[in-house]
> 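Structure incoming, see below.
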Amino acid sequence: MTRRLTVHDLQSAKGSRKWLQLHVDTPAEAAAAVASDIVILSCEPDHNLEAIRKAAPLAFLSVGMPHGAVASPDEAVRLGFAMMKRGADAVYSSHSPRFIEAMAAEGIPVTGHVGLVPNRATWTNFRAIGKTADEALKVLRAARDLENAGAACIEVEVVPVRLADHITRSTPLITMGMGCGSACDTQYLFSSDVLGTHTGHYPRHARRYADFVTLEAELQEKRVAAFRTFGRDVAEGLYPEARHEVDMDDAAYDRFLTLSQSLRTQTL
């Protein structure tokens, strides 16, 4: 890939390619993703955004707009443009379709969300969504609303595989599937789940491919050991050594002392 991936590229490949997608938290994770040929990424709009963009300059990057960060469509457009300026290729939004429609009307690619939407989970609890016919219809209707609002992509989270497949086949939107089997246009996981970076709950649809909790604990032990050795060396006079210091010759120091006396006289 010699240029940054675009919405047009993704839509042109719909139905003919399965993309891998990761939500990353750090520039190192972004760089590792693209080195593994994972070129669709998402991230938060925090202090790491610009560095993540720099680490993955050609990847398609969907950046999350915090739910409730805007209170009107105009504010959504303003913040959406600001996020695009910082490096986003699309703006994730779990706000209502009228917010998404406003951004889309100004040419901002938007990623919507149906199924289990964590920002709206007080209405559903954290569970699979769409297992009954009536609830599945609500999910489909929500997807249609996002499509009609002009969204470019849609995250489909923890819905039955057949429902995810139906949505994917019946919409031009790029479906980003998490916990939906292999039905969607992308296979989407969080890097924290893939890497095993925490000791908390792991969702059923996730799989750990590494144990970064253990690796980080080992690194922390090495940090503590190094810091303690540093402290001991200072206490015992083993650090700093002459090779760590900068000195001046005797003539220069004598000259300095003379000049310092004149400075003291001027001060008094």
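FYI, the numbering just counts along the sequence from 1.
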> So which atom in Thr2 and which in Leu58 form the shortest heavy-atom distance, rounded to 0.1 Å?
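So the minimum-distance heavy-atom pair works out to C-CD1, 4.1 Å.
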> Between Ile40 and Leu195, is there a shared hydrophobic cluster once you connect ILVMFWY residues whose side-chain heavy atoms come closer than 4.5 Å?
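No, because Ile40 and Leu195 fall into different hydrophobic clusters, even though each may have its own neighbours under 4.5 Å.
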> At their closest point, which heavy atom of Ala13 faces which heavy atom of Trp19, and how far apart are they?
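In this case the closest contact between Ala13 and Trp19 is CB-CZ2, 3.9 Å.
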> Hydrophobic clustering (ILVMFWY, side-chain heavy atoms < 4.5 Å, transitive) - are Tyr188 and Leu20 grouped together?
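No.
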> Could you check whether any side-chain heavy atom of Arg4 comes within less than 4.5 Å of a side-chain heavy atom of Phe60, counting everything from C-beta outward?
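No, every pair of side-chain atoms sits at 4.5 Å or beyond.
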> Minimum heavy-atom separation for Cys43 to Leu61, with atom names?
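The pair with the smallest heavy-atom distance is SG-CD1, 3.9 Å.
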> For the backbone of Gly181 and the side chain of Gln187, can you confirm whether one donor and one acceptor N or O come within less than 3.5 Å of each other?
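Such a contact is found between Gln187 side chain and Gly181 backbone.
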> Does the Gln220 side chain pair with the main chain of Glu216, one donor and one acceptor, at a distance under 3.5 Å?
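Absent.
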> Tell me whether the guanidinium CZ or amine NZ of Arg208 lies under 6.0 angstrom from the six-membered ring centre of Tyr202 and within 45° of its axis.
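Relative to the ring axis of Tyr202, which defines the angle, Arg208 lies inside both limits.
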> What do the steps show when you test Lys18 against Asp185 for salt bridge (charged side-chain N to carboxylate O under 4.0 Å, His left out), and what is the final call?
CA-CA 5 Å; Lys18 180 75 65 177; Asp185 295 310; over 6 Å; no
> Are the side chains of Thr175 and Thr186 in contact, using a 4.5 Å heavy-atom criterion?
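Side chain of Thr186 against side chain of Thr175, heavy atoms only: no contact under 4.5 Å found.
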> Tell me, yes or no, whether the heavy-atom count around Asp249 atom CG, taken from other residues, nucleotides or ligands under 6.0 Å, exceeds 12.
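Yes, because the 6.0 Å sphere around CG of Asp249 holds more than 12 heavy atoms from other groups.
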> Do Leu163 and Val139 make a side-chain contact, defined as non-hydrogen atoms from C-beta onward lying under 4.5 Å apart?
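Of all side-chain heavy-atom pairs linking Val139 with Leu163, at least one is under 4.5 Å.
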> When you compare the side chain of Ile167 with that of Leu140, does any pair of heavy atoms fall below 4.5 Å?
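Yes, their side chains come closer than 4.5 Å.
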> Taking the side chain as everything from C-beta on, heavy atoms only, tell me whether Cys184 gets closer than 4.5 Å to Met178.
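No, side chains not in contact.
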> So, are Arg127 and Glu135 salt-bridged, with charged N and O less than 4.0 Å apart?
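Salt bridge: yes.
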> Check the hydrophobic clustering (I, L, V, M, F, W, Y; side-chain heavy atoms under 4.5 Å; chains of links allowed) and say if Val63 and Val70 are grouped together.
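In one cluster: yes.
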> Would a hydrophobic clustering, with Ile, Leu, Val, Met, Phe, Trp and Tyr connected at side-chain separations under 4.5 Å, put Val213 with Phe190?
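In one cluster with Val213: Phe190, no.
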> Could you list the donor-acceptor pairs under 3.5 angstrom formed by side chains in residues 111-122, with sequence neighbours left out?
{"from": "Thr111", "atom 1": "OG1", "to": "Ser62", "atom 2": "OG", "distance (Å)": "3.2"}
{"from": "His113", "atom 1": "ND1", "to": "Tyr92", "atom 2": "OH", "distance (Å)": "2.6"}
{"from": "His113", "atom 1": "NE2", "to": "Leu116", "atom 2": "O", "distance (Å)": "3.1"}
{"from": "His113", "atom 1": "NE2", "to": "Glu157", "atom 2": "OE1", "distance (Å)": "3.0"}
{"from": "Asn119", "atom 1": "ND2", "to": "Ser94", "atom 2": "OG", "distance (Å)": "3.0"}
{"from": "Arg120", "atom 1": "NE", "to": "Ser94", "atom 2": "O", "distance (Å)": "3.0"}
{"from": "Arg120", "atom 1": "NH2", "to": "Ser94", "atom 2": "O", "distance (Å)": "3.0"}

> Can you check ring-ring contact (aromatic ring centres under 6.0 Å, His included) on His244 and Tyr239, steps first, answer last?
CA-CA 8 Å; His244 302 121; Tyr239 178 86; 4.9 Å; yes
> Using the rule given for salt bridge (charged side-chain N to carboxylate O under 4.0 Å, His left out), can you reason through Lys85 versus Glu50, listing the C-alpha separation, both sets of side-chain angles and the distance that settles it, and then say yes or no?
CA-CA 10 Å; Lys85 186 175 182 180; Glu50 286 81 0; over 6 Å; no
> Is there any salt bridge (Lys or Arg N to Asp or Glu O under 4.0 Å) pair reaching into residues 31-42, and which pairs are they, with sequence neighbours excluded?
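Those involving residues 31-42 do not exist here.
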> Is His23 close to Leu189 at the side-chain level, that is, under 4.5 Å between some pair of heavy atoms?
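When only atoms from C-beta onward are counted, His23 and Leu189 do not touch, as no gap falls below 4.5 Å.
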> Among side-chain atoms of Thr168 and Asp165, is any donor-acceptor pair under 3.5 angstrom?
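No donor-acceptor contact under 3.5 Å links the two side chains.
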> When rounded to the nearest 0.5 angstrom, what distance separates CD1 in Ile108 from CG in Asp89?
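Reported to 0.5 Å precision, the distance equals 13.0 Å.
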> Does the side chain of Ser12 pick up a donor-acceptor pair with the side chain of Asp9 at under 3.5 Å?
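The criterion, which ignores hydrogens and geometry beyond distance, is not satisfied for Asp9 and Ser12.
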> Please determine whether the number of non-hydrogen atoms from other residues, nucleotides or ligands lying under 6.0 Å from atom CZ of Arg255 exceeds 12.
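No.
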> How close do Pro27 and Ile52 get, heavy atom to heavy atom, and via which atoms?
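Looking at all heavy atoms of both residues, the shortest contact is N-CG1, 3.8 Å.
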> Are any of the side-chain heavy atoms of Leu146 and Glu155 separated by less than 4.5 Å?
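In short, these two side chains do not touch, never coming nearer than 4.5 Å.
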> Can a donor-acceptor pair be found, under 3.5 Å and without considering hydrogens, that links the side chain of Glu101 to the backbone of Pro97?
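Not a single qualifying donor-acceptor pair exists.
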> Applying the 4.5 Å side-chain criterion to the ILVMFWY set and letting contacts propagate, would Tyr209 and Leu22 be lumped into a single cluster?
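Yes; tracing contacts between hydrophobic side chains, which count when under 4.5 Å, links both residues.
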> Say whether, by atom type as modelled, one donor and one acceptor occur between the side chain of Thr258 and the main chain of Asp254 under 3.5 angstrom.
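Yes.
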> Begin from the C-alpha positions of Arg78 and Asp74 and carry the test salt bridge (charged side-chain N to carboxylate O under 4.0 Å, His left out) through to its verdict.
CA-CA 6 Å; Arg78 188 175 298 108; Asp74 286 345; over 6 Å; no
> Would Asp233 and Arg228 count as a salt bridge (charged side-chain N to carboxylate O under 4.0 Å, His left out) if you check the C-alpha gap in whole Å, the side-chain angles of each, and the deciding distance to 0.1 Å?
CA-CA 9 Å; Asp233 282 357; Arg228 283 178 175 167; over 6 Å; no
> If we count only N and O atoms by modelled type, under 3.5 Å, do the side chains of Ser93 and His95 hold a donor and an acceptor together?
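A pair is found: one side chain offers a donor N or O, the other an acceptor, under 3.5 Å apart.
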> Do Cys153 and Leu173 have side chains that get closer than 4.5 Å, going by heavy atoms?
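No, every pair of side-chain atoms sits at 4.5 Å or beyond.
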> How close do Ile174 and Leu10 get, heavy atom to heavy atom, and via which atoms?
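Looking at all heavy atoms of both residues, the shortest contact is CD1-O, 3.3 Å.
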> Look at Arg98 together with Asp145 and state whether they make a salt bridge at an N to O cut-off of under 4.0 Å.
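Salt bridge absent between Arg98 and Asp145.
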> Looking only at heavy atoms, what is the nearest atom pair of Gly64 and Pro66, with distance?
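Gly64 and Pro66 have their closest heavy atoms at O-CD, 3.4 Å.
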